[in-house]
Visitor: 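The structure is given below, and queries will be raised subsequently.
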Amino acid sequence: MVDVNSLVDVKNGTQAKRIFWDADIYKLELEQIFGRCWLFLTHDSIIPNVGDFTVTFMGEDEVVVVRQRDGSVKAFLNYCTHRGARVVNAEAGNARGFTCTYHGWAFGLDGSLESVPFEKEVYGNVLKKDTLGMKEVRVESYKGFWYGNFDQKASSLADYLGDYRWFLDIWMEGTGGAELIGPPARSILKCNWKTPVENFVGDAYHVGWTHAASLKALGGPLGVLAGNQTLPPEGAGVQITSRHGHGVGILFNAGPALMAGEEGAMAAKWYAENQPKVAKHLSEAQAKYYGSHFNASIFPNNSYLWGTNTFKVWHPRGPNQIEVFTWAIVEKNMPQELKDAVRRSMLRTFGTAGMLESDDSDNMESMTNLNRGPHIAAGVLNSQMGLGNEHEDPDSGNIIGPSAIGETSYRGFYRAYQEFLKAKDWDELRANDGKWKNELLNR
Ligand code: UNU
Ligand code: FES
Ligand code: FE
């Protein structure tokens, strides 16, 4: 039995080190977190046409996501109801239906079992075909971003995102919508899934140090941080955490991030021109954040950097391995030339062979694999930076840490992590809605 209370100390801002290694904790995470949270699947722009499909994972379960004939989107577990072989073997494509490679059972786009080779001759009428369709998974979308959930009793995706939508809307909606460029690149890292999630949710601290050489080589607004030569001044940024652990760290006006020269100038011009439109379309308060750099995670395992424009899912593959899916983010109305520049910048920085992606990987792998040693595994992780400095954000309804560098959203992420591991069901989670702020603010 895992003693969940011992894993996170919300008041004190620490977590047990064994959360990065322990197989029993991992099993509990698959049940309590990946079995009940909204998990990113794909974006409308990746499967625009009838029959377009993409294969991904929800936790350890492989799913296929398909554009239906009526324009809706469905997701199915990617196994055959005959003997359990994989039905869709391609990573992505367009199809009129799916035929299992093993014995040739054929399923429609809607998952229904349409035909079975020699059905009459070999089965007679024993086969109840209408009960043998591919197993469907609940899906919902927000601004074209599709998520799946194994729990029929989970709150809606909109409620799950909650007040965090205030920040998502800035880039998902502010200038007329966002798109992902895929299919996603896929790569394996030998680390626990939470090491990159916590890094993206709230780590502006490592940027100048871990990424010193890359920042210096690439330039752009984040280049000034290289080698920790300067601490971002007061007012340079904030950190945000929300009800279900989604968080974002903001570096104001650093939108072009690691784009220098002509590309950087093109990006800066886009952000400057569009800021007034965001004020009109959303609000003045949100427009203040437009053109900033966001480092962020959506609980549990979906991260993005807006500005650096990478969008990722860190799929768990056991307690000490992940499969990373990486897309580029563009705003729909950007000129094609800027979209191309953004995609190139993303590939240079956070693509599979990106400079900053490899900088980070060494840290994440060591944080995970050192825990083989029982003495190291027994310690605690520290996320106390800025403890006690946070307050409620009157604009967005979230909790805000008032500096660029701090660990407010680490604490928010692990508070939610512990709550999901503890809660018996979604009714209990909903009953807790009034408590989370007091827990984090230590009131
Ligand atoms: O990698 C990150 N978490 C990050 C990158 C944070 C801030 C700026 C750039
Ligand atoms: Fe942060 Fe070592 S300085 S992990
Ligand atoms: Fe990093």
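We count ligands from 1, going down the list as the structure has it; atoms in each ligand are counted the same way.
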Visitor: Can you tell me which portion of Val207 lies within the under-4.0 Å heavy-atom range of ligand 1? Options are side chain, backbone, both, or neither.
Guide: side chain
Visitor: Measuring only between side-chain heavy atoms, which start at C-beta, is Val139 closer than 4.5 Å to Leu41?
Guide: yes
Visitor: Could you go step by step and tell me if Phe40 and Phe311 meet the ring pair (Phe, Tyr, Trp, His ring centres under 6.0 Å) rule?
Guide: CA-CA 10 Å; Phe40 181 73; Phe311 192 89; 4.8 Å; yes
Visitor: Any chance OH of Tyr205 has more than 12 other-residue heavy atoms, nucleotides or ligands included, within less than 6.0 Å?
Guide: no
Visitor: Heavy-atom contacts under 4.0 Å between Leu356 and ligand 1: side chain, backbone, both, or neither?
Guide: neither
Visitor: Consider only side-chain N and O atoms of Glu179 and His43, and report whether a donor and an acceptor are under 3.5 Å apart.
Guide: no
Visitor: Run the numbers for me: atoms of ligand 1, each under 4.0 Å from some heavy atom of Leu222, listed by number.
Guide: 8 (C), 9 (C)
Visitor: Using a heavy-atom cut-off of under 4.0 Å, does the side chain or the backbone of Phe350 touch ligand 1, or both, or neither?
Guide: side chain
Visitor: For Asp203, counting its heavy atoms only, list the atoms of ligand 1 lying under 4.0 Å from any of them.
Guide: 3 (N), 6 (C)
Visitor: Please report the C-alpha distance between Arg36 and Asp425 in whole Å, then the side-chain angles of each, then the deciding distance to 0.1 Å, and finally whether the salt bridge (Lys or Arg N to Asp or Glu O under 4.0 Å) criterion is met.
Guide: CA-CA 8 Å; Arg36 309 195 299 193; Asp425 56 23; over 6 Å; no
Visitor: Can you tell me if Lys143 has over 12 outside heavy atoms packed within less than 6.0 Å of its NZ?
Guide: yes
Visitor: Among Glu407, Gln15, Lys194, Glu198, exactly one meets side-chain hydrogen bond (donor to acceptor under 3.5 Å, both in side chains) together with Tyr414. Which residue is that?
Guide: Glu198
Visitor: Can Thr308 be said to touch ligand 1, with heavy atoms closer than 4.0 Å?
Guide: no
Visitor: I'd like to know if the Fe ion (ligand 3) has an N/O/S atom from Asp360 within less than 2.8 Å of it, counting both backbone and side-chain atoms.
Guide: yes
Visitor: Give the residue and atom name of whichever protein heavy atom lies nearest to atom 2 (C) of ligand 1, and the separation in Å to one decimal.
Guide: His206 CE1, 3.5 Å
Visitor: Ligand 1 and Asn295, any nitrogen or oxygen pair closer than 3.5 angstrom?
Guide: no
Visitor: Starting from atom 9 (C) of ligand 1, locate the nearest protein heavy atom and write down its residue, its atom name and how far away it is, to 0.1 Å.
Guide: His293 CE1, 3.4 Å
Visitor: Among the N, O or S atoms that His211 has, which is closest to the Fe ion (ligand 3)?
Guide: NE2
Visitor: Between the side chain of Glu357 and the main-chain N/O of Ala353, is any donor-acceptor distance below 3.5 Å?
Guide: no
